[in-house]
Amino acid sequence: MSNNTTITTQTYRGTFVKVNGQKRSMRFVRISDLPDGMISESAHKHIQHLQGLHGSEIVYDLDKQGFRAYNWNTSSASSNAQETVSISL
């Protein structure tokens, strides 16, 4: 069961190169910008596990409504803004 929450937070837009060489654009929220208590302890452990596997930052993709890896090392054309967004966890 997912919980849909509307918050005002820092959001980011960026483009990076995936492991397979494709460019990927994403609108996302960094986990550190989500309000305390919004992500369960078990989800935090899963996010830390994923981050260790990928070597990229795990972020919340606003368009896909889920957690994804963002590779800052191949990032270009990034920007940030303060937005009111809906997040489904």
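FYI, side chains are in, hydrogens and waters are out, and symmetry mates aren't considered; it's all heavy atoms of this structure. All figures in this text were calculated on a predicted structure; none of them were measured in a lab.
Annotation: side chain to side chain contact (heavy atoms under 4.5 Å, CB included) contacts of Asp36 (sequence neighbours excluded): none.
Of the inter-residue distances, the one linking His44 atom NE2 with Leu34 atom CG reads 8.0 Å to the nearest 0.5 angstrom. The line from OG of Ser32 to CD of Glu57 is 6.5 Å long, rounded to the nearest 0.5 Å. Rounded to the nearest 0.5 angstrom, Phe16 CZ and Ser56 OG are separated by 7.0 Å.
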Exercise for review: Kindly indicate, with the supporting measurements, whether the criterion side-chain contact (heavy atoms from CB on, under 4.5 Å) is fulfilled by Met26 and Arg68.
Suggested key: CA-CA 9 Å; Met26 187 186 302; Arg68 302 289 189 269; 3.9 Å; yes

Check your understanding: Does the pair Thr9 and Val85 meet the rule for a side-chain contact (heavy atoms from CB on, under 4.5 Å), with working shown?
Key -> CA-CA 7 Å; Thr9 188; Val85 293; 4.1 Å; yes

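Under a hydrophobic-cluster definition in which Ile, Leu, Val, Met, Phe, Trp and Tyr are linked whenever side-chain heavy atoms come within less than 4.5 Å, directly or via other members, Ile7 and Phe67 are assigned to the same cluster.
Looking at Met38 and Thr5, their side chains come closer than 4.5 Å, going by heavy atoms from C-beta outward. When side chains are defined from C-beta on, Gln65 counts as touching Tyr60, because their heavy atoms get closer than 4.5 Å. Inter-residue side-chain proximity for Tyr70 and Ile58 is flagged as unmet; no heavy-atom pair is nearer than 4.5 Å. With contacts defined as side-chain heavy-atom distances shorter than 4.5 Å, the pair Val29/Gln10 does not qualify.
When each of Leu62, Asn4, Ile39 is checked for a side chain to side chain contact (heavy atoms under 4.5 Å, CB included) with Ile87, only Leu62 meets the rule.
Cation-pi geometry between Arg30 and Tyr12 is met: under 6.0 angstrom from the ring centre, within 45 degrees of the axis.
The pair Arg24-Asp61 meets the salt-bridge criterion, since a charged nitrogen lies less than 4.0 angstrom from a carboxylate oxygen.
For the pair Thr15 (side chain) and Ser25 (backbone), a donor-acceptor distance under 3.5 Å is absent.
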